[in-house]
Structures are given as structure tokens and as C-alpha cells.
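Each remark here refers to the structure printed beneath this line.
Counting starts at 1 for both ligands and their atoms, following the listed order.
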Amino acid sequence: MRIVVPAGGIGGARFLRGLRAALGTGAPTTGEHSTESTVTVIGNTGDDITLFGLRICPDLDTVMYTLGGGIDEERGWGRADESFTVKEELAAYGMRPTWFGLGDRDTATHIVRAQMLAAGYPLSAVTEALCDRWKPGVRLIPMTDDQVETHVVVDEGEGPRAIHFQEWWIRHRAALPARQIVSVGAESSTPAPGVLKAIAEADAVILPPSNPVVSVGSVLGVPGIRDAMAAKTVVGVSPIIGGAPVRGMADACLAAIGVETDAGAVAEHLGADLLDGWLVDEADAGTEAAGIEVRSRPLYMSDPAATEALARAAVDLAVELSEAEG
Ligand code: GDP
Ligand code: CA
């Protein structure tokens, strides 16, 4: 089976680990699918930010480190065995900002990326080169090679001001009410090489439990990606359980776009033109979304077995719905 997954950071990466296990990718699958399964991840780059001359891609790196075995499991982002000496030294020079968690090991990744970007390589080629080391077992492609950045319009002092998503999310813990969330540069961006081809060749698209506004929403905002996905069987996993995000502050993002923090409301926001199936947690059994097949399953990625079972449920629903479509 060929599966395409548009993914953000932590939630997306953990789901992908379960999906890789469920599909047995990397090893030939047995049974009905005789050919090896492949997973193509279309990574969100809307969170990317330039700091200290380095281009930082938090979601691409979270996916790469998580699937490559280099992630700090506890935090969910950044490198295992990390230290923060560079960050402290930068602060000692009075360098701003100080709120971004720039680890020493992680900095090496950003230096490699900065050097390759400066040499003229597109982000997609840089990501491929970085993945040569981590061997994530999936093909990881940024949604676009163009610069698209999520900015958040907040009220501050005199009036509205747009700040980078990372400043809102990390520095302000998403506590400043957001008037608007803007994907700057999205309109004129194009999908990175390989993105549309991977979608066209896919048997199914699976939306992981990633932030529906700033992760999945940003990927869908690159012109061409949403339409290409809508032509496929698409199954999503709700990141909202019992009316709240499982972790993080996705509720603040949903509020900014006027969508209720509710599994059914998120499905309807994503739209029946895109979604064929939607998995909600057992706590949300009975959820309905017009034109979308809703099923309830345990959706907490509490351990590898639970995550694999969740991924398998998403694949099974996609297979069932694509067979029903004929
Ligand atoms: P981020 O970059 O860290 O925001 O990671 P994502 O973009 O992948 O979004 C994380 C989303 O996944 C949040 O909205 C969480 O509520 C959701 N999430 C995290 N852990 C779980 C889980 O175990 N189960 C489900 N269903 N959702 C989860
Ligand atoms: Ca993210």
C-alpha cells in the first residue's frame, strides 16, 4: 500500500511510528499486499523560523528524529541527551530571542541545513540529505520549497500586531487571544517536487492527529495539495478527544478560526469534500459529521501497541472506504 500523510510535529510523528509498525514498512508485507508498503510524509513547514541565521524546521525535524530514533521521548521534540550550552552562550551575548529551545545537538542539524540552503539547495533536497543519516523509514518531503510562515495576529498595546507562530506558541503559550492565523506566502507557494506525484500514486491519504489548523491546515493551504488529496480516499484521526486537545493548545488555534474544539466540528471544518472517514475516540462515540463516515476507536497513543492499533484502524477504514467507492 502507498500512503500519504500530511504531518505536523509530535502528534504526527508518533502516529507515523505506529503506521510504520502497522504496515511493516522496511520489510516486505505478507498477505493481501504483496508489494512493500510505502509511506510518504508531507511535512508542515509553516512553523519554520529563521533564528541566529539558521533556518529551523521544527516539524520536519520532529518527524525525522522520532522515526530515526534520535528524539527526546520525554519532551517529544529535540534530541535525546541534549544540552543547551549554545543557547546559554547566545543569551550571554544578549542575543534575542531567548525563548526558543535551541539544543546543542539540534544546532548541528540547523547548521547543515543553513549551509546547504546557502549553497542553493532547495529545502526538499536538504531534508533528503538530513534523512540519509536518520533513515526514518518513510519518505519525508516538505510541503513546499517556498517560504511559507504561519503568523498570528494578536492585540498588543496600540492595536493588532502579527507575530511569528513560534513566538505565540512558545513565548506566549498561545495565551494571547489570536484574532487571526495567517499562512504568509501560501498563496504564491507551490508543492515541493514529488508531493503531487506521491498523492496521485497513493492508495490512501491519512491525516494523523496533528494540529488541524497550523499543521494539517498549513499543508492543505499550499495550492494544489488539498485538491489532489480530495481526489483520494482520505481518513483522518481526531486530535481532539472529549472536547479538548490531548496535548498542546490546538483549542486556541481552533478558537481563532471560529471552530469548536470538538471531534465532529473539526471533521466538518476539514470538510466532506476532503474527508471520507474520521476516527474519533470512544469517549466521542456517537459523533456525527455530514457526509463523513465516523468510527470510534481508542485514540490515545499511550504506548507503541496502542499507537500501532490506532494506525491499523485508520488503514483498515481507508481500505474499506476505497473498496466501497470501487
Ligand atoms: P505539534 O507540532 O507538536 O503541534 O504536533 P502536531 O501538529 O502533530 O499536533 C499535535 C496534536 O495532536 C494536538 O492537537 C494533540 O491534541 C494531538 N495529539 C497528541 N497526542 C495525541 C494522542 O495520543 N491521541 C490523539 N488522538 N491526538 C493526540
Ligand atoms: Ca508544529
- Task: Report, in ascending order of atom number, the atoms of ligand 1 lying under 4.0 Å from any heavy atom of Pro245.
- Result: 16 (O)
- Note on the structure: Going by the 4.0 angstrom heavy-atom rule, the piece of Pro209 near ligand 1 is both
- Would a distance-only check, ignoring hydrogens and angles, find a side-chain to backbone donor-acceptor pair under 3.5 Å from Trp168 to Arg173? no
- Message: Test of understanding: given a 4.0 Å heavy-atom threshold, classify the contact between Ser238 and ligand 1 as side chain, backbone, both, or neither.
- Response: backbone
- Note on the structure: Atoms of ligand 1 under 4.0 Å from any heavy atom of Ser210, numbered from 1 in the order shown, are 6 (P), 7 (O), 8 (O), 9 (O), 11 (C)
- Message: Test of understanding: with side chain to side chain donor-acceptor pair (under 3.5 Å), list the residues that count as partners of Glu268, not counting sequence neighbours.
- Response: none
- Cationic N near anionic O, under 4.0 Å, Glu320 to Arg295: yes
- Item | Contacts of Thr85 that satisfy side chain to side chain donor-acceptor pair (under 3.5 Å) - sequence neighbours left out | Asp104
- For the pair Glu156 and Arg179, find out whether any cationic side-chain nitrogen is under 4.0 Å from an anionic carboxylate oxygen. no
- Note on the structure: Taking only non-hydrogen atoms of Leu299 and a 4.0 Å limit, the atoms of ligand 1 in range are 22 (C), 23 (O), 24 (N), 25 (C), 26 (N)
- Query: Sub-3.5 Å donor-acceptor pair from the side chain of Asp251 to the main-chain atoms of Ala244, do we have one?
  - Reply: no
- Under 4.0 Å from ligand 1, counting heavy atoms only, is it the side chain of Asp281, its backbone, both or neither? neither
- Message: Any nitrogen or oxygen of Gly8, side chain or backbone, less than 3.5 Å from one on ligand 1?
- Response: no
- Message: Give the atom numbers and elements of ligand 1 that come within less than 4.0 Å of a heavy atom of Gly9.
- Response: 1 (P), 2 (O), 5 (O), 6 (P), 7 (O), 8 (O)
- Asp276-Thr233 side chain donor-acceptor pair, cut-off 3.5 Å: no
- Message: Are any of the N/O atoms on Pro212, whether in the backbone or the side chain, positioned under 3.5 angstrom from an N/O atom of ligand 1?
- Response: no
- Task: Give the atoms of ligand 1, by number and element, whose distance to some non-hydrogen atom of Ile241 is under 4.0 Å.
- Result: 26 (N)
- Ionic contact status for Glu74 with Arg79, cut-off 4.0 Å: no
- Message: Under 4.0 Å between a side-chain nitrogen and a carboxylate oxygen: does that hold for Arg113 and Asp61?
- Response: yes
- Okay, side chain of His164, backbone of Asp48: is any donor-acceptor separation there less than 3.5 Å? yes
- Nitrogen or oxygen of Tyr300 less than 3.5 angstrom from that of ligand 1: no
- Query: Should the proximity of Asp59 to ligand 1, defined as any heavy atom under 4.0 Å, be assigned to the side chain, the backbone, both, or neither?
  - Reply: side chain
- Message: Could you work out, for atom 13 (C) of ligand 1, the closest of Arg297, Arg14, Arg247 by heavy-atom distance?
- Response: Arg247
- Under 4.0 Å from a heavy atom of Ala250: give me the atoms of ligand 1 that qualify, with their elements. 14 (O)
- Item | Side chain, backbone, both or neither: the part of Ser215 lying under 4.0 Å from ligand 1 by heavy atom | side chain
